[in-house]
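These values consider heavy atoms only, across backbone and side chains, with no hydrogens, waters or symmetry-generated copies. Here is the naming used below: chain letters follow the sequence lines, and residue numbers restart at 1 for every chain.
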2 protein chains.
Amino acid sequence: MTDTPRISRQFSQRSVMEAIVQGGPISRASIAKLTGLSKQTISEIVRDLEEDGWVRETGRTSGHIGRTAVTYELVVDAAYIIAVDLGGTKVRVAVTDLAGQIVGEDAAPTDARGGMHLVTQISDMALAAATHAKVSRERLRLAVVGVPGAPDNRTGRILLAPNIRDFDKMDVLDAFRQAFGFDVLLENDVNLAALGESWQGQGQGIDNLAYVALGTGIGSGLILGGTLVRGAANAAGEMGFLPIGADPFEQESLRVGAYERAVATYGIIARYEAATGEKVDVPAVFERAAAGDKAADAVLDDTARQVACGIAAICAIANPQLVILGGSIGLRPEILERARRFLPLCFPYPVEIASGELGSRAALVGATAVGLTQLHNTLFGVATPNAGLSLPPTGTEPPQEAVE
Amino acid sequence: MTDTPRISRQFSQRSVMEAIVQGGPISRASIAKLTGLSKQTISEIVRDLEEDGWVRETGRTSGHIGRTAVTYELVVDAAYIIAVDLGGTKVRVAVTDLAGQIVGEDAAPTDARGGMHLVTQISDMALAAATHAKVSRERLRLAVVGVPGAPDNRTGRILLAPNIRDFDKMDVLDAFRQAFGFDVLLENDVNLAALGESWQGQGQGIDNLAYVALGTGIGSGLILGGTLVRGAANAAGEMGFLPIGADPFEQESLRVGAYERAVATYGIIARYEAATGEKVDVPAVFERAAAGDKAADAVLDDTARQVACGIAAICAIANPQLVILGGSIGLRPEILERARRFLPLCFPYPVEIASGELGSRAALVGATAVGLTQLHNTLFGVATPNAGLSLPPTGTEPPQEAVE
DNA sequence: TATAAGTTCGGTGACAGAACGAACTAAGTA
DNA sequence: TACTTAGTTCGTTCTGTCACCGAACTTATA
């Protein structure tokens with residue numbers, strides 16, 4: 001378990017690791033078939049990987065024709081990742097191994113004092129969970145923290161995060177790095193949820209999907225062409241400001257967001273109050289609707305109609321194959337069922353809608369996915385030499401090297 | 001100019017080509033610096049490329065201390081590309097060399113009979129333009145055809161293309177391939193325009209942008225994270241069905257699209273007619289507004305307000321840094337100016353809006369960009385072994401190779 | 001004379017391919 | 001039942017090829 005392996009081999013090494021990770025216990029001969037490399041190259045690489053502690057013998061095959069094969073598998077405890085879902089009311093942390101299995105977990109109410117208090121709360125929880133799971137500290141390699149808003153991993157700052165006190169004033173990334181003592185990645189929580197559902201939930205094998213988190217506020221994460229879309233300021237999917245539901249030119253819409261006002265918690269409460277004069281919380285509205293309260297039922301209908309409109313907007317712009325609903329409100333079957341009913345009435349092409357399978361743990365799973373990918377990239381090299389296109393220069397710029 | 005170069009060298013060969021393409025006339029020593037490869041490797045590769053006819057000596061540097069360097073550049077006439085923009089009323093074709101320079105061009109009204117007639121019209125125009133530009137037929141390698149709707153390059157069919165007769169009933173891709181006699185790519189016209197502006201127009205160097213084409217209909221192309229976003233059915237950006245502007249739950253909205261009805265040609269004409277009782281065409285409305293007609297002015301205001309809402313929707317979902325307006329209506333300064341004024345009133349974060357620099361030729365330029373990229377990929381190998389992430393399997397599936 | 005461009009020469013490391021031994025199953029044979 | 005033998009697959013060894021590097025060297029300048 002020394003340092004990163006030699007440079008030039010990284011390519012093949014990476015594919016071998018991939019084959020082992022994906023293919024469970026697998027023999028070297030099978031790896032050769034999968035990767036297209038020759039048997040003895042695989043033997044060499046596997047030997048290296050075994051020496052470095054990433055891979056180990058598991059056993060042998062038997063019952064086949066021919067010689068038995070030695071099988072290898074990932075050493076899942078070679079390194080661990082901390083996954084964090086930092087919500088406005090609740091903080092969840094998980095310790096996961098290299099197979100993405102959660103080996104330790106904890107949750108607590110978010111420290112309302114925000115700022116450094118919150119950072120400390122989280123790192124304490126995480127390190128305690130690791131200790132409890134008997135994971136030694138030096139095996140922790142990376143933490144992925146899901147936060148509301150638009151974090152920027154270069155500056156360490158988080159934009160559009162009004163929920164968390166003082167986070168707009170500090171270098172959050174650096175604070176976490178200090179507290180943890182290892183590398184940290186920040187990512188938007190809804191984006192993580194989208195990745196989570198795409199990896200282990202409803203979205204498996206689907207290259208174009210949207211995850212819509214509906215709760216106190218509304219946000220979405222888009223995976224298009226197999227990649228998470230972030231946008232220019234990491235604010236892709238912040239659909240609260242969609243000009244739908246309320247008049248977007250009103251003053252209030254600029255502050256809270258026209259769509260967010262119409263569809264999230266606040267909208268539901270306000271609608272029910274307008275209809276009945278009674279001010280009750282969201283779960284109560286659902287209960288009453290279930291009990292036969294016509295007004296509550298109408299409120300849910302209205303809300304779902306707005307949800308359908310939001311989904312229509314996403315589909316018109318991003319054309320996902322599947323839309324996954326999440327968040328405390330979005331996960332309710334009453335909303336899913338109604339949205340499925342209303343969407344065909346306002347959008348002409350069929351779109352699948354489903355509930356998030358992972359529920360409130362989607363972001364945690366997504367954080368693990370990001371962490372694992374990142375770890376693989378740093379340990380076994382990124383295999384993306386030149387993803388962008390290479391086109392001739394435009395000619396509006398002066399020619400580059402006329403005379404050197 | 002034999003076949004594709006040897007496999008194993010493709011990697012470095014590609015980066016050398018890239019350096020030469022980007023770096024204008026460039027010496028081998030400079031290529032070595034740019035690519036990080038050693039001098040003699042570059043010499044070898046450049047020799048190969050020269051033998052194959054892709055690259056040639058241009059001259060020498062002078063005026064420096066040290067030995068003069070021989071400079072090399074792309075052989076721009078080693079291969080040519082046909083770029084086609086197939087619009088509802090007009091067809092444009094261009095013949096471009098490997099530097100993306102247009103060497104021949106032609107345009108004509110679209111053959112209203114559609115189907116094979118149209119395919120023949122286009123291939124005839126293109127091949128005639130090539131002949132006229134003295135480009136021999138065997139040097140034509142690839143055609144990129146921009147079409148309205150959502151083409152699928154696997155099935156060859158085009159979805160959502162009501163504008164063109166019979167195109168929904170045939171394998172358009174195959175028809176073009178037959179007619180041209182070489183490979184053909186289909187792409188949505190607005191997507192191409194977006195790529196065009198991103199390459200040579202307003203969007204240079206910007207990784208996240210949206211191109212909104214506003215004319216008879218409305219569509220948009222999204223480039224996010226440097227890549228064109230296509231969506232599940234190649235229908236990303238088909239924003240006509242945004243639930244904005246008109247009631248999306250009306251019958252008519254399901255047919256034409258709520259937003260399209262509100263903002264495109266039809267909407268402008270209808271609005272002016274509603275205000276004045278007079279039915280005039282779109283250019284007339286603009287003229288009258290310029291002449292001081294209050295009603296026409298109000299119509300443009302209303303339209304621009306809707307445009308701003310559409311842009312807000314795109315920004316809320318995709319978060320581009322820049323929105324480029326194109327299309328016969330979108331290109332008018334009256335709309336741009338008004339949209340710039342209205343957007344901050346319905347969307348809280350600043351977004352640049354600009355007119356397309358390439359005007360109606362954006363799609364043609366984009367087609368060239370796609371063609372060049374594709375040619376580079378086929379000729380010098382795609383260097384994307386495994387772009388996707390490699391995460392452990394989910395566990396919902398049975399373990400793969402427990403016993404082989 | 002300093003400096004840079006380009007070539008020649010002698011590596012080195014990552015593979016492939018063929019050949020081969022090892023280990024195993026499944027048959028037939030004594 | 002025990003002993004072959006054929007067929008199959010696993011994994012290693014050996015040899016070769018190819019891409020590429022580094023250093024030394026030549027050539028051509030300001």
Side-chain angles (χ1 to χ4, degrees), chain A residues 4-17 19-20 23 25-51 55 57-73 380-381 383 385 401-404, chain B residues 4-17 19-20 23 25-52 55 57-73 380-381 383 385 401 403-404:
Chain A
T4 44
R6 258 158 297 146
I7 282 284
S8 13
R9 202 163 220 177
Q10 284 199 357
F11 248 18
S12 318
Q13 197 145 21
R14 192 195 166 90
S15 14
V16 171
M17 270 308 273
I20 296 176
I26 187 173
S27 71
R28 279 170 288 180
S30 309
I31 300 176
K33 268 174 226 152
L34 272 179
T35 58
L37 298 168
S38 67
K39 283 191 287 179
Q40 80 293 358
T41 303
I42 300 299
S43 283
E44 269 179 56
I45 293 177
V46 168
R47 179 162 37 247
D48 285 5
L49 288 173
E50 199 176 2
E51 266 169 33
V55 142
E57 261 189 66
T58 353
R60 315 183 69 90
T61 57
S62 65
H64 289 266
I65 299 187
R67 182 175 168 179
T68 53
V70 181
T71 55
Y72 290 83
E73 68 172 11
F380 304 107
E401 204 198 0
V403 168
E404 288 177 83
Chain B
T4 43
R6 255 161 298 146
I7 283 284
S8 12
R9 202 162 220 176
Q10 286 199 356
F11 248 147
S12 319
Q13 197 145 20
R14 190 195 166 91
S15 17
V16 171
M17 269 309 272
I20 296 176
I26 187 173
S27 71
R28 278 169 289 179
S30 308
I31 301 175
K33 268 175 225 150
L34 272 179
T35 58
L37 299 167
S38 70
K39 284 194 286 175
Q40 78 290 12
T41 302
I42 301 299
S43 282
E44 268 180 57
I45 293 177
V46 168
R47 181 162 34 248
D48 285 4
L49 287 173
E50 201 176 2
E51 266 170 33
D52 289 354
V55 142
E57 261 189 66
T58 352
R60 315 182 69 89
T61 56
S62 66
H64 291 264
I65 11 180
R67 180 175 172 178
T68 55
V70 181
T71 55
Y72 290 83
E73 68 172 12
F380 303 106
E401 204 198 2
V403 167
E404 288 177 84

Counting side-chain heavy atoms from CB outward, which of [options] is closest to [X]?
X	options	answer
B:Gln40	D:dG22, D:dT12, D:dC10	D:dG22
A:Thr68	D:dC14, D:dC20, C:dA23	C:dA23
B:Arg67	D:dT12, C:dT7, C:dA4	C:dA4
A:Ile65	C:dC15, D:dG11, D:dT8	D:dT8
B:Ser27	D:dG11, C:dC15, C:dG6	C:dG6
A:Ala69	C:dA16, D:dC10, C:dA5	D:dC10
B:Ser12	D:dG11, D:dA19, C:dA5	D:dA19

Please round to the nearest 0.5 Å and tell me the distance separating atom [atom1] of [X] and atom [atom2] of [Y].
X	Y	atom1	atom2	value
A:Ser27	A:Lys33	OG	NZ	7.0 Å
A:Ile20	A:Ile26	CD1	CD1	7.5 Å
B:Gln40	B:Ile45	CD	CD1	10.0 Å
B:Gln13	B:Thr41	CD	OG1	12.5 Å
A:Leu37	A:Ser43	CG	OG	11.5 Å
A:Ile31	A:Ser12	CD1	OG	12.5 Å

Nucleotide [N], atom [atom2] - distance to [atom1] of [X] in whole Å:
X	N	atom1	atom2	answer
A:Glu44	D:dT15	CD	P	15 Å
B:Arg60	C:dA4	CZ	P	17 Å
B:Glu57	C:dA5	CD	C1'	13 Å
A:Lys39	D:dT8	NZ	P	14 Å
B:Arg47	C:dG6	CZ	P	12 Å
A:Lys33	D:dT9	NZ	P	7 Å
B:Gln13	D:dC18	CD	P	15 Å
A:Ile31	C:dA16	CD1	P	14 Å

So, is B:Ser38 close to the D:dC21 phosphate, meaning a side-chain N or O under 4.0 Å from OP1 or OP2?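 Yes, B:Ser38 has a side-chain N/O under 4.0 Å of OP1/OP2 on D:dC21.
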Measuring to OP1 and OP2 of C:dT7, would you say a side-chain N or O of B:Arg28 lies under 4.0 angstrom away?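 Affirmative; the distance criterion is met.
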Can you list the stems that include DNA chain D, where a stem is three or more consecutive Watson-Crick or G-U pairs with distances under 3.5 Å?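 Looking at DNA chain D, the stems formed by three or more consecutive pairs are C:1-30 with D:1-30.
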Under 4.0 Å, heavy atoms only, any strand: does B:Ile42 hit a base, just the sugar-phosphate, or nothing?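 If one applies the 4.0 Å heavy-atom cut-off, B:Ile42 turns out to touch nothing in the nucleic acid.
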Name all residues meeting the side-chain hydrogen bond (donor to acceptor under 3.5 Å, both in side chains) criterion together with B:Thr68; count only those two or more places apart in sequence or in a different chain, and write none if there are none.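 Counting only residues at least two positions away or on another chain, B:Thr68 forms a side-chain hydrogen bond (donor to acceptor under 3.5 Å, both in side chains) with B:Arg60.
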Distance-minimising heavy-atom pair for B:Glu57 and B:Glu50: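 Looking at all heavy atoms of both residues, the closest pair is N-OE2, 4.0 Å.
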